[in-house]
2 protein chains.
Amino acid sequence: MDFKMKKFRDINLKLTPQRLAIFEYLDDNKSHPSAEDIYLEIRKKYPTISFATVYKTLEALKKQGLLLELTIDPERRRYDPGTEHHHHLICIDCKKIVDIHADFRVDVPEDAKGSFEMLGNHIEFYGLCPECKKKG
Amino acid sequence: MDFKMKKFRDINLKLTPQRLAIFEYLDDNKSHPSAEDIYLEIRKKYPTISFATVYKTLEALKKQGLLLELTIDPERRRYDPGTEHHHHLICIDCKKIVDIHADFRVDVPEDAKGSFEMLGNHIEFYGLCPECKKKG
DNA sequence: TATTTAAGGATAATCATTATGGATTTTAAA
DNA sequence: TTTAAAATCCATAATGATTATCCTTAAATA
Ligand SMILES: [Mn+2]
Ligand SMILES: [Mn+2]
Ligand SMILES: [Zn+2]
Ligand SMILES: [Zn+2]
């Protein structure tokens, strides 16, 4: 969180109570929340905060490279404060997203990639979380 | 396409000219089109077709397991008539999606997966297509 | 051909996200 | 401390994709 504040100062972005609350909520957050998740949480402290503020703060964080946007849930965008390269496991039932910090060799064979310039990759694992497996 | 018709007949779904046109458009289609792409194309033959019809047909195909919905483009859903297990390469510039038919070993280590039940995976590769690389 | 039932199409509704604009707050300078 | 400029807040409107509704039309089947 400290470094988020620093980065913001560095580029003339102001530190407001709303933003600090969002930083704090995201800091070390492993739940991959949606904009609404964040909005609902921050609203407990700042009941007048607007969705626009949440979206704009997320946009600013993304632009600083301090936040990733996940396109893994077809219903809504999810955000990930863990910006190191990692992969995800999503429960097909409750949509919970869990980090997978493992290194996989996924070199695309030359003939398959053609003259594409390869820049990165992301693996989505699908499965059932322990809770949902129990429920059936 | 034939087998799509058969599956539809088997479950009391009617074969209409609009649906056949969509089947035909999707058959062997490697472009991963959006609902709008499909709508615009079919409209050439059936100028009165509605978006609702496109969405409903896609939904029916999905339910039959004849079509996959991709959550790889944050702006809109893309559809994939290739339902065999494969991966994708997306151009971060023009959003073109290309199939990668290669087999990768991506076994999640026991300690990372916990008691999740693993059911599948999908790898998204990010890069620049030859055309976009040229443009800079 | 008649009957049944699903599908088509126009359009409204919904939901997530983005844009706008005036009031407020922060920051820096005077 | 006062002032001014810039950034942010939030209410709200706009947008764009997707889903729902409802009435008319057409496909299937006997
Ligand atoms: Mn993550
Ligand atoms: Mn594909
Ligand atoms: Zn679950
Ligand atoms: Zn491209």
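Chain A is the first sequence line, chain B the second, and so forth, proteins listed ahead of strands; every chain is numbered from 1.
Taking 4.0 Å as the cut-off between side-chain N and carboxylate O, Lys96(B) and Glu131(B) count as a salt-bridged pair. A salt bridge is defined here as a Lys NZ or Arg NE, NH1 or NH2 lying under 4.0 Å from an Asp or Glu carboxylate O, and Lys62(A) with Glu59(A) meets this definition. The residues Arg78(A) and Asp80(A) are annotated as not salt-bridged, no charged nitrogen and carboxylate oxygen being separated by less than 4.0 angstrom.
Atom P of nucleotide dG16(D) and atom CG of Asp73(B) are separated by 15 Å, given to the nearest angstrom. The distance between atom CG of Leu70(B) and atom P of dT18(D), rounded to the nearest whole Å, is 12 Å. Atom NZ of Lys14(A) and atom C1' of dA7(D) are 4 Å apart (whole Å). Distance, Ile22(A) CD1 to dT8(D) C1': 12 Å, rounded to whole Å. Rounded to an integer number of Å, the gap from CZ of Arg78(B) to P of dA17(D) is 12 Å. Put simply, CG on Leu61(A) is 12 Å from P on dT8(D), counting in whole angstrom units. Summarising the geometry, the separation between OH on Tyr39(A) and P on dA11(D) is reported as 8 Å, rounded to the nearest angstrom. Per the geometry, OH belonging to Tyr46(B) stands 14 Å off C1' belonging to dA7(C), to the nearest Å.
Checked against a 6.0 Å centroid threshold, the rings of Tyr79(B) and Tyr55(B) do not count as neighbours.
Regarding contacts with the backbone of dT8(D), a side-chain N or O of Arg19(A) is found under 4.0 angstrom from either OP1 or OP2. Within the structure, a side-chain polar atom (N or O) of Thr16(B) is placed less than 4.0 Å from OP1 or OP2 of dG8(C). Contact between the side-chain N/O atoms of Ser50(B) and the OP1/OP2 oxygens of dA10(C) is not found at any separation under 4.0 Å. Put simply, Thr53(B) has no side-chain N or O that comes within less than 4.0 Å of OP1 or OP2 on dA7(C). Note on Tyr55(A): a side-chain N or O is less than 4.0 Å away from OP1 or OP2 of dT17(C). Between Arg77(A) and dA17(D) there is no side-chain polar atom (N or O) within less than 4.0 angstrom of OP1 or OP2.
Counting all heavy atoms, side chain and backbone alike, Ile49(A) lies closest to Ile22(A) at CD1-CD1, 4.5 Å.
Residues His32(B) and Asp99(B) have side chains that bring a donor and an acceptor to within less than 3.5 angstrom of each other.
Scanning atom types as modelled, one donor and one acceptor separated by under 3.5 angstrom connect the side chain of Lys56(B) and the base of dG9(C).
Residue Pro74(A) is out of contact with every strand shown, counting any heavy-atom pair closer than 4.0 Å. Note on Gln18(A): only backbone sugar-phosphate atoms sit closer than 4.0 angstrom, heavy atoms only; bases stay farther off. Backbone-only engagement by Glu75(A) is indicated by non-hydrogen atom pairs under 4.0 Å involving sugar-phosphate atoms exclusively.
Without hydrogens or angle criteria, Asn29(B) side chain to Tyr25(B) main chain gives a donor-acceptor distance under 3.5 Å.
The aromatic rings of His122(B) and His88(B) stand perpendicular to each other, their planes meeting at an angle above 60°, with 30° marking the opposite boundary.
Two residues, Leu13(B) and Arg76(B), neighbour DNA chain D, and the one matched to the more 5' nucleotide by heavy-atom proximity is Arg76(B).
Defining each end axis of the helix from dT1(C)-dA30(D) to dA30(C)-dT1(D) as the rotation carrying four pairs' C1' atoms onto the next four, with five pairs an end, the two axes are found to diverge by 30° to 10 degrees.
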